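First the structure, which I've put down as structure tokens, then a few questions once you've had a look.
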Amino acid sequence: MTIHTVNTTAFAGQRPGTSGLRKKVSEFQQPAYLENFVQSIFNSLGDCAGQTLVLGGDGRYFNRHAVQVILRMAAAHGFARVLVGQGGILSTPALSCVVRKRGASGGIVLSASHNPGGPDGDFGIKYNIANGGPAPEKITDAIYEQTRVLTEYRTSDAGDLDLDAIGSARIEQMDVEVIDPVADYADLMGELFDFAAIKALFAGGFTMRFDGMHAVSGPYAHAILEGLLGAPAGTVINGTPLEDFGGHHPDPNPVNAAELVALMSGPDAPDFGAASDGDADRNMIVGRGIAVTPSDSLAIIAANAGVAPGYRGGIKGIARSMPTSTAPDRVAQALKVPCHETPTGWKYFGNLMDAGMVTLCGEESYGTGSSHIREKDGLWAVLFWLNLLAAGGKPVETLVREHWARFGRNYYSRHDYEAVESKAAEGLMAHLREQLSALAGQVIDGYTVDFADDFVYKDPVDGSIASKQGVRIVMTDGSRIVFRLSGTGTEGATIRLYLERYEADLAMHGMPAQEVLAGLAAIADRLAGLHQRTGRDRPTVTT
Ligand code: VG1
Ligand code: CO
């Protein structure tokens with residue numbers, strides 16, 4: 001085994017987005033493309049002597065190859081040890097858990113999360129820091145700077161390791177430990193939730209369907225739900241990770257998990273339904289006849305945090321991404337704890353959790369989590385709901401309706417316009433920004449604009465500033481229109497339009513969301529020139 005220095009040329013466009021670098025597999029397959037990015041990560045870290053790195057991914061196409069490449073490069077960079085999930089598998093939350101539990105200096109997640117996989121799909125790579133969370137912007141900026149000036153990378157000529165057998169091996173001076181990808185994570189879940197109560201719930205005939213979407217949550221759900229908690233076999237469907245996710249879009253929302261939603265509103269609906277995404281950090285919660293919006297789910301979890309043993313001491317605070325509905329804010333107010341509003345992307349929650357300022361975090365994009373790790377956590381949210389259902393004995397729909405009765409209902413929807421021509425999308429955002437200063441005080445279709453701005457976040461812990469994080473138009477009744485461009489797509493631009501309207505009146509809680517939000521959608525269209533600029537007469541995906 002020898003370490004080699006290989007000359008290379010920088011690639012343009014290796015800037016990490018909302019959650020790491022995501023590109024088409026074909027782009028990653030270019031010679032040195034992956035190596036350049038990995039070397040840029042390592043260069044930005046400096047000397048890694050004595051340090052441990054955790055490595056794993058969601059099992060999509062290119063995952064296995066990338067693991068081998070990164071192992072050889074980590075050895076060449078001088079890491080003391082790499083912990084790699086068996087088969088190259090680690091869900092995003094499990095990786096975060098392992099980094100924290102084993103005192104690693106960081107981790108590399110191989111995933112393009114909810115983006116489709118397979119040879120024609122997407123691949124992604126993300127660096128997580130020692131707290132187990134996504135690297136903050138100052139680190140991703142430093143990595144990007146490295147990608148622009150890189151002239152060489154270092155690697156070992158060692159052969160491929162057997163990733164399928166648990167055990168130890170060595171590359172150069174570096175130890176490689178192939179670990180069970182589920183064990184540490186399952187232990188942590190057992191500490192947070194009342195497994196005995198959930199077990200009793202299943203033993204009493206409670207029925208559930210968990211859709212793993214052929215992504216990485218399958219092994220975790222099988223082991224925890226059907227194994228530790230005794231749910232009957234068949235509770236977990238699509239539970240074997242496939243390199244192309246069975247050709248589906250591993251994005252748990254009512255559109256991509258339509259089958260589950262249909263089952264849940266049919267005559268044979270189980271008591272509870274849930275799904276998770278490519279890398280198992282997202283969750284969708286479905287009751288009989290009701291899909292719970294992620295914003296409501298966060299609010300309901302916060303309002304009931306005390307049912308789970310891990311949260312009996314109360315919560316310190318909540319954080320939600322700016323486009324997420326303000327439903328959690330109302331709960332925070334009732335609990336007399338702060339509610340922080342951050343830009344989109346889990347990386348902005350890390351400092352708040354590290355500083356002990358928040359316990360629960362969430363995003364409208366089916367992401368919920370807590371300070372038990374530093375990533376959003378799909379199965380954690382599902383287990384929280386199971387704990388809640390076990391504690392109260394009430395169906396999901398009743399819990400949601402009772403929550404609305406107490407706090408009011410935040411009607412909410414996200415409209416995505418995918419694969420829009422980049423210039424048109426940027427033009428639309430620029431056009432909106434030009435109008436912002438003149439909007440306050442205007443009355444539009446019965447709504448009065450309270451304020452309009454382009455969201456700027458100042459991190460209360462380190463003072464760092466993130467600007468241009470989404471255009472928001474907030475009405476005096478609290479209704480909101482938010483526009484931003486996606487930072488995870490790989491084709492053209494995706495415009496996300498977020499709509500929210502608060503309704504305190506119980507008698508008005510049973511309306512279809514799209515109907516309630518139609519007025520705001522029409523205003524959004526007019527202000528942004530959405531249809532005219534994109535040539536689209538409707539969103540690609542509505543959640
Ligand atoms: C999307 C979501 C965002 C989420 C991000 C990563 O980003 O909107 O809330 O944090 O995906 O989630 P964007 O920039 O496309 O809107 V995941 O499950 O891909 O790690
Ligand atoms: Co994900």
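Atoms within each ligand, like the ligands themselves, are counted from 1 in listed order. None of the values given here were measured: they were computed from a predicted structure.
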Closest protein heavy atom to atom 6 (C) of ligand 1, given as residue, atom name and distance to 0.1 Å: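 Heavy-atom neighbour on the protein nearest atom 6 (C) of ligand 1: Lys376 NZ, 3.5 Å.
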Is it the side chain, the backbone, both or neither of Ser19 that has a heavy atom closer than 4.0 Å to ligand 1?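 The part of Ser19 near ligand 1 is the side chain, not the backbone.
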Relative to the Co ion (ligand 2), which of the N, O or S atoms in Asp279 is the closest?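 Output for this pair reads OD1.
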Which of the atoms of ligand 1 are close to Arg22, meaning less than 4.0 Å from one of its heavy atoms?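 Those of ligand 1 that fall under 4.0 Å from Arg22 are 17 (V), 19 (O), 20 (O).
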Does Ser321 reach ligand 1, in the sense of a heavy atom lying below 4.0 Å from it?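 No, that is not the case, since the closest heavy atom of the residue is not under 4.0 Å from the ligand.
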Per-atom contacts, ligand 1 versus Gly487 - under 4.0 Å to a heavy atom: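 The list of qualifying atoms is 13 (P), 14 (O), 15 (O).
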Hey, is there an N, O or S on Ser111 sitting under 2.8 Å from the Co ion (ligand 2)?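 Of the N, O and S atoms in Ser111, none lies under 2.8 Å from the Co ion (ligand 2), which means no.
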Heavy-atom distances under 4.0 Å are what count here, so tell me which part of Thr494 touches ligand 1: side chain, backbone, both or neither.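 Neither; no heavy atom under 4.0 Å.
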Numbering the atoms of ligand 1 from 1, which are under 4.0 Å from a heavy atom of Thr344?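 Result: 3 (C), 8 (O), 9 (O).
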Side chain, backbone, both or neither: which part of Lys126 has a heavy atom under 4.0 Å from ligand 1?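 It is neither; nothing of Lys126 touches ligand 1.
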Arg409 bridged to Asp296 by N-O distance under 4.0 Å: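 No, this pair does not count.
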Would you call Glu375 and Lys126 a salt bridge, taking side-chain N to carboxylate O under 4.0 Å as the test?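 Yes, this pair counts.
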Counting each atom of ligand 1 from 1 as listed, which ones have a heavy atom of Gly345 under 4.0 Å away?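 Per the distance check, 10 (O).
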Polar proximity ligand 1 side, Leu485 side, N/O cut 3.5 Å exclusive: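 No, there is no polar N/O contact under 3.5 Å.
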Give me the nearest non-hydrogen protein atom to atom 11 (O) of ligand 1 as residue plus atom name, then the distance to 0.1 Å.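 Answer, as residue, atom name and distance: Arg282 NH2, 3.0 Å.
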State, to the nearest 10 degrees, the angle whose vertex is the Co ion (ligand 2) and whose arms point to OD1 of Asp281 and OD2 of Asp277.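 Approximately 90° at the metal, rounded to tens of degrees.
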Can you name the closest pair of heavy atoms from Ala381 and Ile285 and give their distance?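 Taking every non-hydrogen atom into account, O-CD1, 4.2 Å.
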Approximate separation, where rounding is to 0.5 Å, of Leu260 CG and Met213 CE: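 Between Leu260 CG and Met213 CE, I get 8.5 Å after rounding to 0.5 Å.
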Among all protein non-hydrogen atoms, which one is nearest to atom 10 (O) of ligand 1, and what is the separation to 0.1 Å?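 Looking at atom 10 (O) of ligand 1, the protein heavy atom closest to it is Glu363 OE1, 2.7 Å.
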May I ask you to decide if the ring planes of Trp346 and Phe349 are parallel, tilted or perpendicular, using 30° and 60° as cut-offs?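 The rings of Trp346 and Phe349 stand perpendicular, inter-plane angle above 60°.
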Check this for me: does any side-chain nitrogen of one of Arg480 and Glu500 sit under 4.0 Å from a carboxylate oxygen of the other?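 Here Arg480 pairs with Glu500 in a salt bridge, since their nearest N and O are under 4.0 Å apart.
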Protein heavy atom at shortest distance from atom 9 (O) of ligand 1: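 Scanning the protein heavy atoms, the shortest distance from atom 9 (O) of ligand 1 goes to Ser365 OG, 2.6 Å.
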Once you measure the plane-to-plane angle for His531 and Tyr417, does it fall in the parallel (<30°), tilted (30-60°) or perpendicular (>60°) bin?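 Geometry flag for Tyr417 against His531: tilted rings.
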Does either side chain, that of His340 or that of Thr342, offer a donor lying less than 3.5 Å from an acceptor on the other one?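 Result is no, nothing qualifies.
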Which of the atoms in ligand 1, numbered in the order shown and given with their element, are less than 4.0 Å from a heavy-atom of Arg496?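 Those qualifying, in numeric order: 8 (O), 13 (P), 15 (O), 16 (O).
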Any chance NZ of Lys101 has more than 12 other-residue heavy atoms, nucleotides or ligands included, within less than 6.0 Å?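 For Lys101, atom NZ is crowded (more than 12 foreign heavy atoms under 6.0 Å).
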Are any of the side-chain nitrogens in Arg320 or Glu363 under 4.0 Å away from the carboxylate oxygens of its partner?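 No, no charged N to carboxylate O under 4.0 Å.
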Charged N to carboxylate O under 4.0 angstrom, Asp416 versus Arg414?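 Answer for the salt bridge query: yes.
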Could you tell me which atoms of ligand 1, counted from 1 in the order shown, lie closer than 4.0 angstrom to a heavy atom of Ser113?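 Ligand 1 atoms under the 4.0 Å threshold to Ser113: 17 (V), 18 (O), 19 (O), 20 (O).
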For the pair Lys468 and Asp454, find out whether any cationic side-chain nitrogen is under 4.0 Å from an anionic carboxylate oxygen.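 Not counted as a salt bridge, because no side-chain N and carboxylate O are separated by less than 4.0 Å.
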Heavy-atom gap Arg414 to ligand 1 smaller than 4.0 Å: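 Yes; Arg414 lies near enough to ligand 1 that a heavy-atom distance drops under 4.0 Å.
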I need the atoms of ligand 1 closer than 4.0 Å to a non-hydrogen atom of Asp277, numbered in the order shown.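 Those of ligand 1 that fall under 4.0 Å from Asp277 are 18 (O).
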Any salt bridge between Glu27 and Lys24, counting N to O under 4.0 Å?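 Here Glu27 does not pair with Lys24 in a salt bridge, since their nearest N and O are not under 4.0 Å apart.
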Measure the distance from atom 7 (O) of ligand 1 to every protein heavy atom, then report the residue, atom name and distance (to 0.1 Å) of the closest one.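 The closest one turns out to be Thr488 CG2, 3.5 Å.
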